[in-house]
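Everything on this sheet refers to the single structure shown next.
Hydrogens, waters and symmetry mates play no part in the numbers below; they use all other heavy atoms, side chains included. Protein chains get the first letters and strands the later ones, always in sequence-line order, with residue 1 at the start of each.
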Amino acid sequence: MDIAEQLAILKRGTAEVFREEELAERLAQARKTGRPLRAKLGMDPTAPDIHLGHTVVLRKLRQFQDLGHKAVLIIGDYTARVGDPTGQNTTRPMLSPEQIKQNAQTYFEQAGKILDMAPEKLEIRFNSEWLADLRLADIIKLAASMTVARMLERDTFELRYKKGDPIGIHEFLYPLMQGYDSVAIQSDVELGGTDQTFNNLVGRDLQRIAGQPPQIVITMPILVGLDGKEKMSKSKGNYIGVTDPPSEMFGKTMSIPDSLMENYFTLLTDMPAERIRELTNPAKTHPKEAKVLLGKLIVEQFYGRSAAEQAAEEFEKVFAQSQLPDQLSEAAVSAAPIAAAKLLVECGLAETGGQAKRAVLQGGVRINNEKITDPNQQIIPQNGMVVQVGKRKFVRLKV
RNA sequence: GGGUCGGUGCCCGAGCGGCUAAAGGGGAUGGACUGUAAAUCCAUUGGCUAGCGCCUACGGUGGUUCGAAUCCACCCCGGCCCA
């Protein structure tokens, strides 16, 4: 594949490339010397569960692998002790080493769904390997390569500063540590979300100072969450996890605002841009149809085609035709008569009695598809009885 | 170190001795309308109780008072200004 083609693939969906000419050069050089590029991605072991937001960058990294390059995954075990201030309104707690190790493990398992895990395509490094040995003098030297003004330029700091939120001095060290990672592993390229732009560019500076050719920085757009407003994140609950079961993945995809579809197609699938334009043009494609396709494509990447088809069918059945899903989770209850509200709590459909009572009073509860209106109505649980709260929570009773 | 302002429910934020489980907004949940989209509208939003009612809650501890998120003392945490 020639350089122009490679470049086109690598550029697709990116937010920015610093700098494109350098990337082209470096690709050409790799081809000439036969030395694959080292594409770095830092992983924060504080948040082990991967969602589609993370896969945007992982997919890009995978493209590098597929083009014959090497992915270098940095586990920020040492940096996690500092906590990346990016996007945080408050200082993060520091983690214990055991916790970090466990998180990293989970991360690998999940990242393996996207990345090529073959040893010759993937190098995994813990940054404590080089950061733990730095002495105070080294750290001061590192710190001297940055100014307070430049630090404060970063939105995250600026925002917090203006808002009057606390900023710990140690947080200033984070970008430096991350930048030093690039020096340590001699990366050719570093990938990250746009929120990592600053951190990644620091790597360029530090490499230059260290006499290395500065890495090319490729940033990917931040994936917007299901709410259509904020960044996809676990804490905001607006995410699709890579371990979500197919039906849930599909259902969540169907719930995104239409306006987000183009973005999702671009960042989460390999669909050509031209086709995406057709799909997201309501005059050419019905939005629901496009979204179904999107949902299938997403599920397919993690569970294969047949699971994707099945999830779509199931969705149609349950939500469009209000039928019961194929698979119902079971809840064991005793056979004694019980008030409806209490039954909901018993089988885990409500957390508290008050919540259950409310659900009933608001007409959201059905037992064997019959609406219950009185929270105190006595129910005699029977095997196979189906209890439903709202549109999406079902349970089959097991007496 | 000095001065000053602040810490309220999932989040933001009002309240500044009783009428306060605590205004308002956001979010979330349930309902209507739909394409589990958006927009809109209605309702709910500490726990226990069939209900009367009881318990827990306004940074922490102790106090004043018939009664405290509200007053006082000390402590913890944070912002800003000065040094």
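A/V202 and A/L134 fall within a single hydrophobic cluster, where Ile, Leu, Val, Met, Phe, Trp and Tyr side chains are chained together by heavy-atom contacts under 4.5 Å. Residues A/I222 and A/L191 do not share a hydrophobic cluster, clusters being chains of Ile/Leu/Val/Met/Phe/Trp/Tyr side chains in contact below 4.5 Å. Cluster membership check: A/L173 shares its hydrophobic cluster with A/L206, using side-chain heavy-atom separations under 4.5 Å among Ile, Leu, Val, Met, Phe, Trp and Tyr.
Formation of a donor-acceptor pair under 3.5 Å by the A/H69 side chain with backbone atoms of A/F64 is not found in this model. In this structure, the side chain of A/D227 does not engage the main chain of A/N238 through any donor-acceptor pair within 3.5 Å. Judged purely by atom type and a 3.5 angstrom limit, A/Q377 has no side-chain atom pairing as donor or acceptor with the backbone of A/A340.
Separation of the C1' atoms belonging to B/U20 and B/G6 is 22 Å when rounded to the nearest angstrom. Here, B/A69 and B/G7 have their P atoms 15 Å apart, quoted to the whole Å. Nucleotides B/C71 and B/G18, compared at atom C1', are 14 Å apart to the nearest Å.
When both pairing distances are held under 3.5 Å, B/G78 makes a Watson-Crick or G-U pair with B/C5. Applying the Watson-Crick and G-U wobble criteria (two distances, each under 3.5 Å), B/C19 pairs with nothing in any strand. B/U44 is paired with B/A28 under the Watson-Crick or G-U wobble criterion, all donor-acceptor distances under 3.5 Å. Nucleotide B/A73 forms a pair with B/U61, judged by Watson-Crick or G-U wobble geometry with both contacts under 3.5 Å.
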Strictly under 3.5 Å: I want the nitrogen or oxygen pairs between protein and nucleotides 80-83 of chain B, one per line.
none

For nucleotides 1-8 of chain B, give me every protein contact, N/O to N/O, under 3.5 Å, one pair per line with atom names.
none

Between the protein and nucleotides 38-44 of chain B, which nitrogen or oxygen pairs come in under 3.5 angstrom?
{"from": "B/A43", "atom 1": "N3", "to": "A/Q362", "atom 2": "OE1", "distance (Å)": "3.3"}
{"from": "B/U44", "atom 1": "O4'", "to": "A/Q362", "atom 2": "OE1", "distance (Å)": "2.9"}
{"from": "B/U44", "atom 1": "O2'", "to": "A/R358", "atom 2": "NE", "distance (Å)": "3.2"}

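Computed from coordinates, the A/E230 CD to B/C12 C1' distance equals 13 Å when rounded to whole Å. Atom CZ in A/F265 sits roughly 17 Å away from atom P in B/A37 (whole-Å rounding). For the pair A/E316 CD and B/G35 P, the computed distance is 10 Å after rounding to whole Å. Distance, A/F157 CZ to B/G79 P: 14 Å, rounded to whole Å. Rounded to an integer number of Å, the gap from CZ of A/R392 to P of B/G30 is 7 Å. One can place NZ of A/K371 at 10 Å from C1' of B/G30, the figure rounded to the nearest angstrom. Spacing between atom NZ of A/K236 and atom P of B/G26 amounts to 18 Å, rounded to whole angstrom units. The interatomic distance linking A/E289 (CD) with B/A37 (P) rounds to 17 Å, in whole Å.
A heavy-atom distance below 4.0 Å to RNA chain B is reached by none of the residues of residues 295-307 of chain A. Against RNA chain B, the stretch residues 341-357 of chain A makes heavy-atom approaches under 4.0 Å through A/K342, A/T352, A/G353, A/G354, A/K357.
Annotation: side chain of A/K252 is not in contact with side chain of A/L52 (no heavy-atom distance under 4.5 Å).
Under the 3.5 Å distance criterion, with hydrogens and angles disregarded, a donor-acceptor pair is assigned to the side chains of A/K60 and A/Q63. In the model, A/Q301 has a side-chain atom that pairs as donor or acceptor with a side-chain atom of A/R59 under 3.5 Å. Using modelled atom types and a 3.5 Å distance limit, the side chains of A/T280 and A/E262 yield no donor-acceptor pair. There is a side-chain donor-acceptor pair under 3.5 Å between A/S187 and A/Q215. Between A/Q196 and A/E190, the side chains place no donor N or O within less than 3.5 Å of an acceptor N or O (distance only, hydrogens not considered).
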Let me check something: any side-chain donor-acceptor pairs from residues 385-399 of chain A under 3.5 Å, sequence neighbours excluded? List them with distances.
{"from": "A/Q388", "atom 1": "NE2", "to": "A/G390", "atom 2": "O", "distance (Å)": "3.1"}

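Within a 6.0 Å sphere centred on CD of A/Q321, other residues, nucleotides and ligands contribute more than 12 heavy atoms. By the 6.0 Å contact criterion, NZ on A/K101 is open, its count of non-hydrogen atoms from other residues, nucleotides or ligands being 12 or less.
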Going through the checks in order, is the salt bridge (Lys or Arg N to Asp or Glu O under 4.0 Å) test met by A/R204 and A/E22?
-> CA-CA 12 Å; A/R204 275 169 77 86; A/E22 291 179 28; 3.2 Å; yes
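Contacts of A/G390 with the nucleic acid, taken as non-hydrogen atoms under 4.0 Å apart, involve only primed sugar atoms and P, OP1 or OP2. Using a 4.0 Å heavy-atom cutoff across all strands shown, A/K291 reaches at least one base atom of the nucleic acid.
Note on ring orientation: taking the six-membered ring where Trp is involved, the planes of A/F157 and A/F172 are perpendicular (angle over 60°, cut-offs 30° and 60°).
Checked against B/G30, B/G35, B/A50, the side chain of A/P287 finds its nearest nucleotide in B/G35.
Nearest-nucleotide assignment on RNA chain B puts the 5′-proximal partner with A/G364, out of A/K288 and A/G364.
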